[in-house]
Asker: 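The structure's right below; bear with me while I get my questions together.
The model shown is predicted, which means the values in this text are computed figures rather than measured ones. Quick note: numbers below take in every heavy atom, side chains included, and nothing from hydrogens, waters or symmetry partners. This chain uses plain numbering: 1 for the first residue, then up along the sequence.
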Amino acid sequence: MLKDKFIYGFLPGLLLPVIGSFIYYLIFFNLMGLKQFINHIIFNNLFIGVLSIGVILNLGLFFIYYQLEKDRSAQGVIGATFIYAFVVMYFKVIK
């Protein structure tokens with residue numbers, strides 16, 4: 001059974017948005033090469049939007065941990081999501 005540790009939520013919470021962004025690429029931009037897609041989202045300032053779509057997967061993971069009563073793991077997912085939130089704020093406000 002899953003152990004209830006912060007790291008068991010934090011690491012998947014960091015990885016899932018990357019996977020979610022890749023799924024977005026596969027669904028909507030699969031005719032474009034991956035390198036071309038990355039250049040496209042950076043050039044057209046779509047990086048934050050694509051990353052935000054990927055972070056939605058963290059919501060599902062959080063609720064799974066919550067239903068399994070793995071509170072520390074759920075806190076890890078929230079911690080990883082806050083890191084992505086700070087990245088989004090950095091690119092939205094400072095850049």
Side-chain angles (χ1 to χ4, degrees):
M1 197 80 196
L2 288 173
K3 293 183 180 180
D4 189 18
K5 293 189 177 183
F6 183 85
I7 197 76
Y8 292 143
F10 186 73
L11 291 179
L14 288 177
L15 187 61
L16 273 178
V18 174
I19 293 170
S21 298
F22 185 70
I23 291 170
Y24 177 79
Y25 157 74
L26 290 176
I27 292 172
F28 295 106
F29 293 94
N30 62 347
L31 298 177
M32 190 183 290
L34 185 60
K35 186 176 180 179
Q36 190 178 12
F37 170 71
I38 292 170
N39 289 334
H40 172 74
I41 63 173
I42 291 171
F43 181 73
N44 292 315
N45 293 325
L46 301 173
F47 175 72
I48 298 303
V50 172
L51 184 64
S52 298
I53 290 170
V55 172
I56 291 173
L57 292 178
N58 279 358
L59 182 63
L61 182 61
F62 170 78
F63 281 117
I64 289 170
Y65 282 137
Y66 182 74
Q67 290 295 320
L68 295 174
E69 297 180 1
K70 304 293 183 188
D71 295 335
R72 294 222 186 263
S73 298
Q75 289 173 354
V77 175
I78 296 297
T81 304
F82 271 112
I83 288 176
Y84 279 108
F86 289 130
V87 169
V88 167
M89 286 190 319
Y90 173 77
F91 282 105
K92 285 283 193 177
V93 174
I94 295 177
K95 287 204 170 196

Asker: Pairs of donor and acceptor atoms involving the side chains of residues 37-47, under 3.5 Å and at least two apart or interchain, shall be tabulated with distances.
Answerer:
from  : atom 1 : to    : atom 2 : distance (Å)
Asn39 : ND2    : Lys35 : O      : 3.4
His40 : ND1    : Asn44 : ND2    : 2.9
Asn44 : ND2    : His40 : O      : 3.2

Asker: Looking at every non-hydrogen atom in both residues, tell me the closest pair between Lys70 and Asp4 and how far apart they are.
Answerer: C-OD1, 3.1 Å
Asker: Side-chain atoms of residues 11-28: list all donor-acceptor pairs with protein atoms under 3.5 Å, sequence neighbours left out, distances to 0.1 Å.
Answerer:
from  : atom 1 : to    : atom 2 : distance (Å)
Ser21 : OG     : Pro17 : O      : 2.9
Ser21 : OG     : Val50 : O      : 3.3
Tyr25 : OH     : Met32 : O      : 2.7
Tyr25 : OH     : Leu34 : N      : 3.2

Asker: For the residue pair Asn58 and Phe62, establish whether any side-chain heavy-atom pair is separated by less than 4.5 Å.
Answerer: no
Asker: List in chain and number order the residues that pass side-chain contact (heavy atoms from CB on, under 4.5 Å) with Tyr66, two or more places apart in sequence or in another chain; answer none if no residue qualifies.
Answerer: none
Asker: Are Leu51 and Ile56 joined in one hydrophobic group, where the rule is that I, L, V, M, F, W and Y side chains link up if heavy atoms are under 4.5 Å apart?
Answerer: no
Asker: Can you name the nearest heavy-atom pair linking Ser73 to Tyr8, along with the distance?
Answerer: OG-CB, 3.9 Å
